Each structure stands twice: as C-alpha cells, then as structure tokens.
Amino acid sequence: MTTRSPQNAGRDSGVPQIAASETVPRTPVRKPARSPQGAVLRDRAPGVIIAGTHSGCGKTTVTLGLLAALTRRGTPVQPFKCGPDFIDPTLHQLVTGRHSPNLDLWMTGPDYVLQAFQRHCRPGDLGLVEGVMGMFDGGESSAAALASCLKLPVVLVLDAKAAAESAAAVLKGFELFAPEIAPTAVILNRVGSERHRRRLYQAIEQHCQSEIIGDLPRDLEFTIPERHLGLRMGSESPLSPAALDKLATAIEQYVDLDRLLALAVGKLGSDQRPEEPRDPTKPVGGGSSVPFRSFSADILSAAEASAARQRTNPRKWTDEPPGDSPWKFSPPVRLGVARDAAFCFYYLDNLELLQDAGAELVFFSPLTDHKLPPDLDGIYLGGGYPELHAQELAANREMCTAIRKWAEAGGVIYGECGGFMYLCQGIEDFDGNFHPLAGVFPVRAGMGRRLAALGYREAVTAQEGLFGLAGTRLRGHEFHYSRIEPMPEHLEPLYHSTNLDGDAGSSAYRRHNTVAGYLHLHLGSNPEAAAAFVKNCQDNKP
C-alpha cells in the first residue's frame, strides 16, 4: 500500500499496487458550472470521464488500466486530463502512445474546451478523460463541471476500503449533490473479500441509481514512483511494460469494458465541431477558432527531440490562414524549445498555438547540447525539474553562456517556472548547494521543503511586450517549491497576477527582451497572445 507525503496532498494517492511478477486473484464543494448556451454540439464524440470521490481513491490507476486494456484490445482511445496537471498526461502517453491534452474550463473557457476535445478526437476515437481530485473539487475546473460542459457520462471511482453499506451512502450523496450531473456508473476500488463485495453491491443496488461496472480487489499492487512535485513523468518510464500488462489484465478481469463503451456519449466515427465558434477577439476564458496543426513530435522522447532538431518543418506558411489574423510568416519563425528531463512541462495546446501563429518548433536540450540551434528567432524555456539536474545544467557552461548572450543581444526568451529559475543567477538546491546558471536575472532561486505557491492565477500585462498590448489578460497555474530573491526595482514586472480570491500572485519580469515568471500560462486563454509572441520573435531577432 502506498502512502503519500503531505506535499503531495491533492494528488491521486493511495492507489492499489500491482507487481508484475504476481498473479491477479480472481473474484467474481461547489456544484459544477453549466455548459453555455450557444455551445451546442452536433454528433458529440463518444467519451467518458473517470472521476473520484477524493484524491487518493485510485482514479489514476483505474484510468491507466482502462487506457492499457482498451489499447490492448484495439479500441482507439484518446486520453485527456481535467485540470492543469502536467504529469498525468505523460503517464497517459506512456500507456497509449498518444498525447493527452489538458481540458481546463477556468483557464480557457468552455468553448475552447469543447473545440479542444473534438479537435483531438479522431474519427472512431473514444475520448477518455481523467478527472482531478474529487469529482466536485475545484468548482469551475472540477471533473463535474467538465462533464457538464462536454455532456459526457461520469464513471466514479469509489474507494471501498474500511467501508461497506456506508459506501452506498457516499455514492448516494454524489448522486444527490448535483442530480443533473450525477455519476452514471461506479467502479469500486480496494474490495477486501467476496463477502465485502456482496455487501457493497446489495447496498448500492438498493439505494443508488449508479450502475456498478467493476470492482477491483484490495490486494492488487500497483505503484508509481513520486517526488516533490508528484508522480514521476511518463518519459522516465516509471511503469514497466510487464506491470502495465498486468494492470490491463486486471482491468479486463474486473471491469466490464463493453459496458463502459456502451455508456460513452455520441456515435463512434462522428466528426463533431461546435456549431457556433467563439468570437476570436474575446480574451481570457474563451479561446478562438484558431486553425490548429497537429503537434506530432513526441514532447518527451529524447531520441525524437534529437531528430526534431535535425529536421525542417515541411509546412508552407505562405497560404492565407482562415480568419483575419495578421500573423503570417514565410519562412516560419524558428522558436527554440528546451526539451529534456529538466524542461518537460508544456501544455500541448501552447505548442500548437505557437505553431499556428507561424512558429517552427526547434527542440534543444540545455542539459546535453552545448550550443543553441542555428538561425533561431526566439527561445521558450518551459517548466520542469531544473533543481534535480542543477549540477549538470551548471556544468554545461557553453549553453548557459549562449543563453545569456542571446538575452543580452536583445533576442526574445520566454521562461516559466523552471525556465525562470534557469535564467536566474543559479539555484540553491535542497541541500544548500549553489549551482550557477544563465544569470540573465540578477537574483538567485532557492529550493524549499514546503510548498511556496499553488493555484490558478489571472495575469494582466502592465505594459506592451511579449504577449501584446498593455492590459492583455492571460490565465495559468502556479505550483513550485522554490523562491527567488527580491527582484531589483529597476526591473519592472511585465505582468502582475491574482489568485481566485483576488489576492496578489507572482509576477513576470522583463530584462532586455527576456520575460520570465513562475506562472505556467495557458495560451488557450487568449490565443492572440501566441500570435504576439511569435511576432515579437520575428521583430527582435539578434
């Protein structure tokens, strides 16, 4: 049985564990926001949301098991993650081989979420969405709210350990809390014995409307290694093929997959699109009907990253894109994107939006590459784990120097969270050791044992810059254990942010044409900011 440390509270913990060598035993807060008027869908793509009663009930394990079992039987399944999490999508990709986009109603708004779900579901796909925390936790960004927006059935994972008839009372509460989005079905987790199973079934069938489509025994064992920011990334292969195969076998044995598919909404093979696309001029919480190019490079594969650095983007950018966007470039603007074990937190849609604004993504590694890719127009340093690789990053003085010289020459750099830390003088790690890095900003970053910041943020630019005119609004999420020293007063913030309560959050700072801050911005909250980003790269090439 796994336990989670306090800093990982809120993650999906306490999940059953399955060892590859073992034989699987045989045994028969707020109510969600309603979807908007005017966002009615035609021929909805089939899908289902896997929600939980609480964090730690086992929904990540159930989700991974369902993805593995469906993939093994040949069912085309497109994974998604509800909320801002970067790590679970990489585990989904490890299992399915397909990118798992984030669907976040607060960051991007319902119309954008509707379009994103349909855009990523190919004809014949089943969209399978992993929820976040408990089903109703997170208000506007909860799994319940997402189910209401997408009009998808909810399968609730209910942890039955140390409960029998009371499990029915818990499920009944979920059904009554918001009847319009009550769970359609339930999967019972950590069932202790056949007698325990019978008592659960009798109580639920007598008192609840939800259909039981599966029950997993308590003695399954399945664990995913963790660290201070949560579970290990899929790129680190924390789950062996044998363990995944064992989990898939368990799901096939204990969950009625055919019934799950029958519950999915819509018709397989439909190609749904929103009937009324959003006004592209509308900022935050909206998104626009920007044309998308599928981002096919594997964000997490080092081998693919190396190959991507060598290839030329075949797309022609001289064709007139749909809509009235002025951002059209030929040749495309070459945007260097840091991608390795230290920089691995990127929203898939951010990369797609930048591509469709005219950027060619050129991947490089600050860990192993000793010079920047040739002919760049800008640099994007995403988040990740620079603190875990600080010694190697610091040892690569050629790259640190190249980044600093690029900044001093006026080239555009955008860094967020881990990328921000890399652009500082250096990082003081958990043991108090200092590792000098790029030194673009004259402050140090220091790791702490306690969480420094967590939550949604809305940012408003104080001046014209990387993301457009002053007053541009963007939304994102903040989650880190590090802190930076006070920034010198002469370096004014490009934007200030507030949390959901209206209290001040972190800021992004600008030096030369380098902008960096702790927020992970989702450009789907205002896609025109992606266009401004690319235009700034074109206008400020050193």
Side-chain angles (χ1 to χ4, degrees), residues 31-35 39-53 57-67 69-70 73 75-83 92 100-101 103 105 110 113-114 116-118 120-121 124-138 141-158 168 170-189 204-205 208-216 251 254-270 272:
K31 295 189 179 181
R34 296 178 182 275
S35 57
V40 179
L41 299 177
R42 298 192 306 267
D43 300 325
R44 289 192 303 272
V48 66
I49 292 182
I50 308 301
T53 51
C57 67
K59 66 179 177 292
T60 294
T61 294
V62 171
T63 299
L64 294 178
L66 291 171
L67 292 173
L70 291 168
R73 66 153 47 183
T75 301
V77 58
Q78 171 59 55
F80 296 91
K81 175 63 181 179
C82 174
H92 299 171
S100 179
L103 301 175
L105 286 165
V113 165
L114 290 166
F117 181 78
Q118 291 304 140
H120 290 288
C121 284
D125 281 350
L126 169 73
L128 194 147
V129 186
E130 179 181 355
V132 59
M133 300 182 290
M135 177 176 170
F136 296 102
D137 297 330
S141 293
S142 68
L146 185 60
S148 179
C149 174
L150 294 177
K151 303 191 187 311
L152 296 181
V154 173
V155 173
L156 187 70
V157 178
L158 194 160
V170 171
L171 179 56
K172 188 69 171 180
F174 274 76
E175 293 176 344
L176 295 177
F177 185 77
E180 70 276 12
I181 193 57
T184 300
V186 61
I187 294 175
L188 303 172
N189 193 23
I204 289 173
E205 289 172 352
C208 304
Q209 298 297 314
S210 301
E211 175 183 353
I212 304 173
I213 64 169
D215 53 272
L216 300 175
I251 291 292
Y254 297 114
V255 177
D256 188 342
L257 294 177
D258 290 330
R259 186 58 186 150
L260 175 76
L261 293 173
L263 294 173
V265 174
K267 179 181 179 181
L268 286 171
S270 64
Q272 169 202 340

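Start at 1 with the first residue, then count along the sequence. Computed from a predicted structure; not experimentally measured.
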Dump the intermediate steps for side-chain contact (heavy atoms from CB on, under 4.5 Å) on I181 and F136, then the final yes or no. CA-CA 10 Å; I181 193 57; F136 296 102; 4.3 Å; yes
Which distance, rounded to the nearest 0.5 Å, do you find between the OG of S100 and the NZ of K81? 8.5 Å
Determine whether a donor-acceptor pair (N or O, by modelled atom type, separation under 3.5 Å) exists between the side chain of E175 and the backbone of Q209. yes
Validation row: L103, C82 side chains within 4.5 angstrom (heavy atoms): no
Is there side-chain contact between V132 and S141, with at least one heavy-atom pair below 4.5 Å? no
d(D258 CG, R73 CZ) to nearest 0.5 Å is 4.5 Å
Of the non-hydrogen atoms in G58 and N189, which two are nearest, and what is the gap between them? CA-ND2, 3.8 Å
Can you name the nearest heavy-atom pair linking P79 to P101, along with the distance? O-CD, 3.4 Å
Could you pull out the closest heavy-atom pair between C149 and L114, with the gap in Å? O-CD2, 3.4 Å
Sequence neighbours left out, what passes side chain to side chain contact (heavy atoms under 4.5 Å, CB included) with A168? Give chain and number order. A203, I204, C208
Does any non-hydrogen side-chain atom of I213 lie less than 4.5 Å from one of L257? no
When L171 is tested against each of T53, L188, L176, V186 for side chain to side chain contact (heavy atoms under 4.5 Å, CB included), which residue passes? V186
Within a strict 4.5 Å, meaning less than it, do heavy atoms of the F80 and L146 side chains meet? no
Close side-chain approach of F117 to V129, heavy-atom, < 4.5 Å: yes
Which heavy atom in S210 sits nearest to a heavy atom in P183, and how many Å separate them? OG-O, 3.1 Å
Which atom names give the shortest non-hydrogen contact between V48 and P153, and what distance separates them? CG2-O, 3.5 Å
Taking side chain as C-beta onward, heavy atoms only, is V155 less than 4.5 Å from T184? no
Side chain to side chain contact (heavy atoms under 4.5 Å, CB included) filter on T63, not counting sequence neighbours, yields I50, L67, H92, L128, E130
For the residue pair I212 and D256, establish whether any side-chain heavy-atom pair is separated by less than 4.5 Å. no
Taking side chain to side chain donor-acceptor pair (under 3.5 Å) as the definition, give me every residue that meets it alongside E211, ordered by chain and number, with sequence neighbours left out. R259
So I187 and L156, side-chain contact (heavy atoms from CB on, under 4.5 Å) or not? Walk me through it. CA-CA 6 Å; I187 294 175; L156 187 70; over 6 Å; no
Quick one: does L70's side chain get under 4.5 Å of L261's, heavy atoms only? yes
Kindly say whether M133 contributes a backbone atom to a donor-acceptor pair with the side chain of K59 at under 3.5 angstrom? yes
Of all heavy-atom pairs between M135 and S142, which one has the smallest distance, and what is that distance? O-CB, 3.5 Å
